[in-house]
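Notes to accompany the following structure.
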Amino acid sequence: MDQDISDIIKARFQKLDKLNDKGINPYGQKYDRTHGASEIIEDFEDLENKNVSIAGRVMAKRVHGKAGFAHLQDMSGQIQIYGRVDDLGDQYQLFNDLDIGDIIGVNGDVFKTRKGEVTVACKEITMLCKSLKPLPEKWHGLKDVELRYRHRYVDLIVNPEVKDVFIMRSKIISTMREYLNDRGFLEVETPTMHSIPGGANAKPFITHHNALDIDLYLRIALELHLKRLLVGGFDKVYEIGRIFRNEGISTKHNPEFTMLELYQAYADYEVIMELVEDMVSHIAEKVLGTTKISYQGSEIDLSPPWQRLTMLDAIEKYLGIDLKAAESPGDLKEIAEKFGIETDEPISRGKLINDVFENEVEARLIQPTFITDYPIEISPLAKRKENDPDFTYRFEAFVGAFELANAFSELNDPQDQRGRFEQQAKLREAGDEEAHAMDEDFLLALEYGMPPAGGLGIGIDRLIMILTDNASIRDVILFPTMRQRDDQ
RNA sequence: GAGCCAUUAGCUCAGGUGGUAGAGCACCGGACUUUUAAUCCGGGUGUCGGAGGUUCGAAUCCUCCAUGGCUCACCA
C-alpha cells in the first residue's frame, strides 16, 4: 500500500522473509505463560533460578556481540531478558534479529544481574508476532496528541501512564456497579435508538431503519425509559450507557459519552444527594485509596457532607447579589445587562437566574457542592417545589468547577408533565432545537402511575477526569471522536 | 461557528532578517558474552501538511485549503 516504504520497514520485511525461509512462523500460535513480568520481579525471592515462561512486546534491546539484553513488556509491566549464544545456540540469531515492537514468548530461568535487575535468561524464544512498524522513540514517547488519539494503540504501547488511566476508568466503573448492586439497584439496558429523543435538551443524531423505513434518533439520555421501568414496578434501576449528542467538541464534550442514570422509587432528591456524595467518596476511597484528590492543581476533598446551596443563595454568596426580589421585567433587564447576558423577549426569570449562575458562579465551585432549587423553566422533568412553584426539587453537583451530576425528584404528575412538554413545544416552535420533544407514550406511562422517585445522572467521563486528574475528556476516552482524514 | 497557535526524517525537536535541510533516539553495516538512555567506528533515511502566488531563489514571505491544539461561542 505504502508507495515509498521507508528503509526501516524494508529492513523489517527482509527479516520477515528470513524467518519464513528458516521455517519459523513470524505470527505464532497460542503461548502458555506461567507468569507476568511484574509478578516475577515481585516474587523474585521465590522464583530465583526457577524456570518461567513469559510473553510480551520487545521494548528495548542492547546486544553486545554474543550476548545481549532486551526488555519485554506485557500487561503487568516490563522485565529484562538476557540471551547469549551459550544458552540459545542456533536460536541466538533469532534473538539478535529481534526488532523493537516484536512480540515473543520466552522460556528461561530467573536471575539477578550484577547491577541487581531481575532478569530472565532465555533458553527458548518463540516468535509470536513480527512487528513491521517502528515504535516511537523510547524516552520522549509519543507526544503528538493527534497521533495519540488517532492511533491510541501506539499511545498505549509507549506511554504507560495512559494505560493506567484506562485501567483506573475500568475500576471506577466496576466499583460503581458493585456499589449500586450492593444497594439493591438492578442494572438494565434500554434502547439506544429512539423514535422520540428525550430526557434532555440536546440535538440528537439521526439514523434510518431501512426495513421499517423510519428515522430513529440515537439517545440523548436514558431517563424516559428508566422511568417507564419505575411505572412497571422496578423500584431501583440504573443503566450505565453511551449517549450521543450532536453538538460541538471541546475538552469537556465528546459527541458520544457515558452516562450513569439511576432511579429510586419512594425517594426524593435529598436521598439522591446523600447517595451521590457517599458513592463518589466510596469510589475514590476504593480506587485511589483516599477521598482527598488533586485536580488540575486544586486540592479537593470528596468526603461527605458536600456543601449545599440553593442556586439563589449561591449567587448571593459568590456575587453578593440577591436575585430573590428581582421579578419585574425592568429588574430582569437590568440584571441581564449587568452580566452581559443575551435574552429573548420576554425575559424568562428562571432562565436568567440560571444564566447568571452558569456564567458567574460555576467556575468558582471547586470543592464538591450541591446546587439545589433549579428554575422550573429549565427543568421540564423535575417535580415542582410545593411552596415555591417557580423552582424544582432539583440539584446539580459541581466538583473542580464543572458539572458532575444532575438529579431531581421526578415529576410524576402526568398533567403537570404534559403542561411542561407543551411549554417546551412552544420553545421548539420558536426555533429552540434543543427544547424537549413531546412524548405521548411517556405521558401514557405516567397516567398509569409512577411512584414518587429520586433520579440521578452522572457523566462518567467527567467523573473519571476528576479522579484521574485529566483536563481533557479525550484523555479518558480510548477513541475520542476525530475528523476523518483523507490520507487514512 | 470565530480567534490565536501548530504541522520539518519512523519518533522528539532545531532551522535570526529568503540562499537549496540538521541533531538525538530509532534504523542499516562493523566491533563487543551482565547491559540498562550500553559503548565505539561508519552511514542521513525527507512530498519541510497540501495547492497556488511573490522572488533569480521559499521550510522561511503572501493567499487559500486540510488536520490538530487552546480559548470563546455552543452544549444545562
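Protein chains get the first letters and strands the later ones, always in sequence-line order, with residue 1 at the start of each.
Backbone-only engagement by A:L142 is indicated by non-hydrogen atom pairs under 4.0 Å involving sugar-phosphate atoms exclusively. In this structure, A:T251 reaches the sugar-phosphate backbone alone: every heavy-atom distance under 4.0 Å involves primed, P, OP1 or OP2 atoms, never a base.
Within residues 348-371 of chain A, the residues approached by RNA chain B to less than 4.0 Å at the level of any non-hydrogen atom are A:E358, in residue-number order.
Across all strands shown, B:G68 pairs with B:C5; the Watson-Crick or G-U wobble distances both stay below 3.5 Å. Both distances falling under 3.5 Å, in either a Watson-Crick or a G-U wobble arrangement, occur for no nucleotide opposite B:U35.
Partner of A:L365 under the side-chain contact (heavy atoms from CB on, under 4.5 Å) criterion, chosen from A:I371, A:V399, A:L404: A:I371. Checking each of A:I353, A:T372, A:L323, A:D373 against A:M311 for a side-chain contact (heavy atoms from CB on, under 4.5 Å) leaves exactly one that passes, namely A:I353.
B:A9 and B:A59 are spaced 14 Å apart, taking the P atom of each and rounding to whole Å. The gap from the P atom of B:U60 to that of B:G50 amounts to 10 Å, rounded to the nearest Å. Atom C1' of B:U34 sits at a distance of 26 Å from the matching atom of B:C27, rounded to the whole Å. Spacing of P atoms, B:C13 relative to B:C70, comes out at 16 Å, to the nearest Å. The separation of B:U33 from B:G43, taken at their P atoms, amounts to 25 Å, rounded to a whole angstrom. With both ends at atom C1', the span from B:U8 to B:U45 equals 14 Å, rounded to whole Å. With both ends at atom C1', the span from B:G10 to B:C48 equals 16 Å, rounded to whole Å. Rounded to whole Å, the P atom of B:G53 lies 29 Å from the corresponding atom of B:G1.
Here the P atom of nucleotide B:U12 and the CD atom of A:E146 are 11 Å apart, to the nearest Å. A:L147 places its CG atom 13 Å from the C1' atom of B:G69, with the value rounded to the nearest Å.
Take A:Y238 and apply the ring pair (Phe, Tyr, Trp, His ring centres under 6.0 Å) test, not counting sequence neighbours, and it matches no residue. Shown here are the salt bridge (Lys or Arg N to Asp or Glu O under 4.0 Å) partners of A:R62, two or more places apart in sequence or in another chain: there are none. The side-chain contact (heavy atoms from CB on, under 4.5 Å) check on A:I378 picks up A:K351, A:N354, A:Y374, A:P375, A:R394, with sequence neighbours excluded. Residues meeting the side-chain hydrogen bond (donor to acceptor under 3.5 Å, both in side chains) test with A:K61, sequence neighbours left out: none. A:K66 meets the salt bridge (Lys or Arg N to Asp or Glu O under 4.0 Å) test with no other residue; sequence neighbours excluded. Residues passing the side-chain hydrogen bond (donor to acceptor under 3.5 Å, both in side chains) test with A:D155 are A:R148, A:R152, A:N159, sequence neighbours excluded.
For A:K333, the NZ atom is loosely surrounded, since the number of other residues' heavy atoms within 6.0 Å does not exceed 12.
For residues 94-135 of chain A, the set of pairs meeting the ring-ring contact (aromatic ring centres under 6.0 Å, His included) definition, not counting sequence neighbours, comprises A:Y82-A:F111, A:Y92-A:F95. For residues 420-437 of chain A, every residue pair satisfying the side-chain hydrogen bond (donor to acceptor under 3.5 Å, both in side chains) rule, not counting sequence neighbours, is listed here: A:D416-A:R420.
Between A:Y269 and A:F408, the distance from one ring center to the other does not fall under 6.0 angstrom.
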Tabulate protein N/O versus nucleotide N/O from nucleotides 3-9 of chain B, keeping only pairs under 3.5 Å, one per line.
none

When you compare the protein's N or O atoms with those of nucleotides 13-15 of chain B, which come within less than 3.5 Å of each other, and at what distance?
none

Contact string for nucleotides 26-35 of chain B, one letter per nucleotide 5' to 3', B = base within protein heavy-atom range under 4.0 Å, S = sugar-phosphate only, - = neither, reads BSS---BBBB
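A:R474 has a side-chain polar atom (N or O) that falls below the 4.0 Å cut-off from OP1 or OP2 of B:G69.
A salt bridge links A:R308 with A:E277: at least one charged nitrogen is closer than 4.0 Å to a carboxylate oxygen. Ion pair A:R57/A:D102 not flagged as a salt bridge, since none of the NZ, NE, NH1 or NH2 atoms sits closer than 4.0 Å to an Asp/Glu carboxylate oxygen.
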